[in-house]
Protein chains: 2
Amino acid sequence: MAQAQALSSGLQQLTHRSIAAELGVTHALVVHYEPDIESLRARTCEALLMGEFDEVVGTLNGDADPVSNLSRVIGLMSRPGREDFAGVWLDGWSLGRRDAAAARAVRAMMDRWQGLVANMLSRGTGAGVFADVDPQECAWEIIALLDGLSAHTLVGYGDPQHYSARVAAPVEARLGLARGTLNATLAPVHGPH
Amino acid sequence: MAQAQALSSGLQQLTHRSIAAELGVTHALVVHYEPDIESLRARTCEALLMGEFDEVVGTLNGDADPVSNLSRVIGLMSRPGREDFAGVWLDGWSLGRRDAAAARAVRAMMDRWQGLVANMLSRGTGAGVFADVDPQECAWEIIALLDGLSAHTLVGYGDPQHYSARVAAPVEARLGLARGTLNATLAPVHGPH
DNA sequence: CGTGGTATTGACCACATGGTCAATATGGTG
DNA sequence: CACCATATTGACCATGTGGTCAATACCACG
C-alpha cells in the first residue's frame, strides 16, 4: 500500500490524497486514521529500509563465511533494479535534514548496516582471512561507499554493470583480498523472496 | 542571492516568492525574468557545484604532487561546515530523479570530479607513488566514497572529526600508501577564499 | 513634447497540500 | 427496537505553489 507508493514515486509524493486515491476512499478518511502525514512518511521510510535490511540478513541465513557474506551484501546492494530502494535512502536523508525524528531513524538504520558489516569484518579479521583492520571504522567506510553508490544509481551515473566490481575492488584492497574475491556475479542462492 | 538561499534552505525552497521576498519586489517580477523555476533550480544547482569544484581546483593551484593533491581534496570534502554543499549534492540527486536535464548536469559535475581525481591518480601511478590501479575506475570509487560521506553529513551520522580519516584510510589502502599519508589535519594553505 | 520600450505592480487563476468539522451511514449490543 | 461507537463522507479552510495579464510607472531618445 503506502510502502509500494513511496517506493515507486518517492516519499514526498506520499500524501493523504494519493493514498486515498489508491484505496478508493476520501482523503478525509485517510486523515482520520493518519493525522500526521510527516510521521507517516518517516515511519514508511523506516519500515522500507528495515524491510530491505531484514531481507538481506535473511539471505545470509546460516552462512558464516565472512567472505561470502560480504560478497553477497555487495552483490545485493549494487544489483540493477535497486533504484527504488536507493530512492528511499535518498528521501530518508532528505527528510532527515529538517525532521529530527526522521534523522534519528535513518541514523539507526545506518547503525544496523554498519553493525552487520562490522560483524562480518571482525569475524574475518579474527579468522585471519582479512587484513587487520578496525572493524567498526572499516565498516563505516564500506557503508559510505554503498551509500555513494545509491546516489550514483539515481542519476544514472556510470554503467550499472560495473557497480558491483567498483564496490568490490576498494573493499578487497582494504581487506587484503585478491582481486575479484568479493565480486559476486549476482548471487544465485535462492535470491530475495 | 539565489545561490545563498539554495545553500541555506535547499533547492526546493528556492521559489519565485522566496526570491522576491529577499529582493524586496513582487513575485510577478521574478517570474518575468525567470519564467521557469525548475530550470532556475537546475542552473543554480549546477552553478553552486561548479563553484565548489573551481574553488577546490584553485586550491591545488601549482601543486603537482599527487599525494598532497589527493590529501587536500579529501581534507576539503570532509571538513566540518561543508553540510550546506552536501545538501546541494543531495538536492541535485533528488532533482535528477525527475528532471532529465538536471540529471545530465549532475552527471557532468560528477564527471568533472572523477576526471580531477583520475588525473591525480594517473600521475601518481605513473610516478610509481601509487599502486598500479586503473585511474578511471579508482577515481570513481573515491568519488562514491565522498558522495556517501555527503549523505552521512546531512543526517549527522558519525563524528565529523573522524570523517577525514575515514575517507583517507580506504584510499590509502587502495593506493598502497602508508596509514595517515592522506589524512590532512585540515589543509592550512591559504584555505578557500 | 511625446513616443516607445523596459521595470514593476496588483489582481487574478488553477492546482495541490495538510487539516477541520459537522453530518451521515453502518453495524453490533443491550 | 433504541442506542452507541465506528467508518465514511462532502464541504470547507488556510496556505503555498507556478504562472498569466492588463495596467501602470519610469526613463531615454527623437
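Order of the sequence lines fixes the chain letters, A, B, ..., with proteins taken first and strands second; residue numbering starts at 1 for each chain. Quick caveat, the model's predicted, so the values are computed rather than measured.
Nearest nucleotide to the side chain of B:R41, out of D:dT8, D:dT20, D:dT17: D:dT17. With C:dT9, D:dG18, C:dT17 as the candidates, the nucleotide lying closest to the side chain of B:A28 is C:dT9.
Between B:H32 atom NE2 and C:dT8 atom C1' the separation is 9 Å, expressed in whole Å. Between A:L29 atom CG and D:dT6 atom P there is a gap of 14 Å when expressed in whole angstrom units.
Comparing A:E38 and B:V25 along DNA chain C, the residue whose closest nucleotide (by nearest heavy atom) sits nearer the 5' end is B:V25.
OP1 or OP2 of D:dG10 sits under 4.0 Å from a side-chain N or O of A:T26. Residue B:Y33 places none of its side-chain N or O atoms closer than 4.0 Å to OP1 or OP2 of C:dT6.
Within a 6.0 Å radius of CZ in A:R107, more than 12 heavy atoms belonging to other residues, nucleotides or ligands are found.
A donor-acceptor distance shorter than 3.5 angstrom exists from the side chain of A:E172 to the backbone of A:T181, with no hydrogens or angles considered.
B:I37 comes within 4.0 angstrom of the backbone, heavy atoms only, and of no base.
Electrostatic pairing of B:E34 and B:R43 counts as a salt bridge here, judged by a charged N lying under 4.0 Å from a carboxylate O. Taking a cutoff of 4.0 Å between a charged side-chain nitrogen and a carboxylate oxygen, A:E83 and B:R97 do not qualify as a salt bridge.
No hydrogens or angles were tested; on distance alone, a donor-acceptor pair under 3.5 Å links the side chain of A:H27 to the base of C:dG19.
Both B:V167 and B:W113 are assigned to one and the same hydrophobic cluster, defined by single-linkage of ILVMFWY side chains at heavy-atom distances under 4.5 Å. Both B:V25 and B:I37 belong to a common hydrophobic cluster when Ile, Leu, Val, Met, Phe, Trp and Tyr are linked at side-chain heavy-atom distances under 4.5 angstrom.
Across residues 9-21 of chain B, B:T15, B:H16, B:R17 each have a non-hydrogen atom less than 4.0 Å from an atom of DNA chain D (numbered order).
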